[in-house]
Number of protein chains: 2
Amino acid sequence: MGARPSIKDQLQRVRQDAIVGAVNRLLATKGYDAMTVDEVAADAGLAKASLYKLFPSKEELAGAAMVGALDRALAFVDELRAQAEQAEQAEQAAQGGGKVAAVAQLKAVARWAMATQLEGEMPTLPAHNSSLSASLQSNDAYMDRLLALSNRLSIWITEAQTGGQLNPQLPPDLVLYTLFARACDPVVALLKDSGQYSHEQIIDWVLSTTFDGLAHQAG
Amino acid sequence: MGARPSIKDQLQRVRQDAIVGAVNRLLATKGYDAMTVDEVAADAGLAKASLYKLFPSKEELAGAAMVGALDRALAFVDELRAQAEQAEQAEQAAQGGGKVAAVAQLKAVARWAMATQLEGEMPTLPAHNSSLSASLQSNDAYMDRLLALSNRLSIWITEAQTGGQLNPQLPPDLVLYTLFARACDPVVALLKDSGQYSHEQIIDWVLSTTFDGLAHQAG
DNA sequence: GTCTATATCAAGATAGAC
DNA sequence: GTCTATCTTGATATAGAC
């Protein structure tokens, strides 16, 4: 268990990372259907047959990339939670009442997701591919992380709803879906492709429309 | 020009409608990549070779379906405009000040688009297909209608922004993109697939989050 | 374990009979 | 003008040498 990995294992690990990284980039830029396994192999610098020894299908490749992306999201969320806990303790020691607003955490996650998309590092999969969906749903590593992330976000969502920071009449699932949807929002992509706006500006705008709507008057 | 179409022309027209209708359904349900020309031919009830005599490529098929969808959207918008004009005249005759709020028109369009999606009749195309995008951008019928629809909506958008019903700090294009995005919103599809909510309920919720945001408290 | 070369197959597109 | 049968291509996946 705690044994130091051998040189060979480390090389394997590096190669796997190269593959998953290539898949991640290609999924983020071209999407699943346009991504070919030949491209992945060329990008990762190995022969296609070698790649198929490690990942038995294109669908498994996509699953590995999604697991990586979910891991990054979970790491970001856990970092937020750790910071919030620290801030709470400091505030309690000082003057109390320092709980970090749940809605602020949700906005931070949305910001992170949109920034990731703007950097071309957010892999996205087609919603209407039944074979791929089936493969993902039987992928335990993927489902575990998806559930873990959903659970963590759902806690903040219900907290923000009971606290009156989010509309309590909306089903929590709708809020959750909306946040996931912002991670691959075509509006973000269109604004980016227009080339007129900075990433910061795009994120601010879409975040504003997501939480406050198109009608909101800046105060 | 005004001549009555021959029987033969009418038959052709019926057949074309059958083809475009099949493409529309398939694009709405499976998406462009998963749609095969064999399916289209089978669905429309003719041989693939005959289909290729009428539409020289799969991309042209998609373009024809999109033109149809844009025509329906334009018809809906023009109907709204006609009704608004009528209402204004009636109000002016009575007591004046009866201008229909531009934002109400935009909400009506968003409602119509989401209802169309929920009925499985909103064709959608992949954003990341350069060959298909190129084909559409050189499709005059498509571009004409896309511009016409964008122009009509943009008038309402700037009107609502100067009237203070929409946030005037947002670029009008962002508002336009957001409305187009709602027509194929994955959140709508997910809520529908959950099977828990009525179409009316889904539309109300997503409309509320679009214009008033996730934070809005129902008054 | 990695590569070259190939099998296999699905899907877009076409030829040619009627 | 429509159909059956076929061509062609590109992409997933694999066999077999080294």
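The chains referred to below are lettered A, B, ... by the order of the sequence lines, with proteins before strands, and numbering in each begins at 1.
Within the nucleic acid shown, Ser50(A) comes within 4.0 Å of at least one base atom, counting heavy atoms only. Lys53(B) comes within contact range of at least one nucleobase, with a heavy-atom separation under 4.0 Å.
Taking atom CG on Asp33(A) and atom P on dG10(D), their separation rounds to 17 Å, with Å as the unit. Rounded to whole Å, atom P of dA5(C) lies 15 Å from atom CG of Asp38(A). Regarding Met35(B), its CE atom lies at a distance of 11 Å from the C1' atom of dG12(C), rounded to whole Å. The distance from atom CG of Leu54(A) to atom C1' of dC3(C) is 14 Å, rounded to the nearest whole Å. Spacing between atom CG of Leu61(B) and atom P of dG12(C) amounts to 10 Å, rounded to whole angstrom units. Regarding Lys58(B), its NZ atom lies at a distance of 21 Å from the P atom of dT8(D), rounded to whole Å. To the nearest angstrom, C1' of dA5(D) lies 17 Å from CG of Leu51(B). Remark: P of dT14(D) and CZ of Phe55(A) are 16 Å apart, rounded to the nearest angstrom.
Residue Gln12(A) has its side chain nearest to dG1(C) when only dG1(C), dT12(D), dG1(D) are considered. Out of dG16(D), dT4(D), dA13(D), the shortest distance to the side chain of Tyr52(A) is found at dA13(D). When the nucleotides dG1(D), dT2(C), dC3(D) are ranked by their closest atom to the side chain of Leu46(B), dC3(D) comes out on top. Set against dT2(C), dT14(D), dG12(C), the side chain of Thr36(B) has dG12(C) as its closest nucleotide.
Listed by chain and number, the residues in a side-chain contact (heavy atoms from CB on, under 4.5 Å) with Asp144(A) amount to none (sequence neighbours excluded).
Within the 3.5 Å criterion, the main-chain N or O of Asp204(B) finds no donor-acceptor partner in the side chain of Ser208(B). The backbone N or O of His216(A) sits less than 3.5 Å from a side-chain atom of Asn167(B), completing a donor-acceptor pair.
Sequence neighbours left out, the pairs with a member in residues 48-67 of chain A that pass side chain to side chain donor-acceptor pair (under 3.5 Å) are Asp38(A)-Lys48(A), Glu59(A)-Ser131(A).
Two residues, Tyr32(A) and Ala49(A), neighbour DNA chain D, and the one matched to the more 5' nucleotide by heavy-atom proximity is Tyr32(A).
At least one side-chain nitrogen or oxygen of Arg15(B) sits closer than 4.0 Å to the OP1 or OP2 atom of dT2(D). Neither OP1 nor OP2 of dT4(C) sits under 4.0 Å from any side-chain N or O of Lys48(A).
With contacts defined as side-chain heavy-atom distances shorter than 4.5 Å, the pair Leu179(A)/Val109(A) does not qualify.
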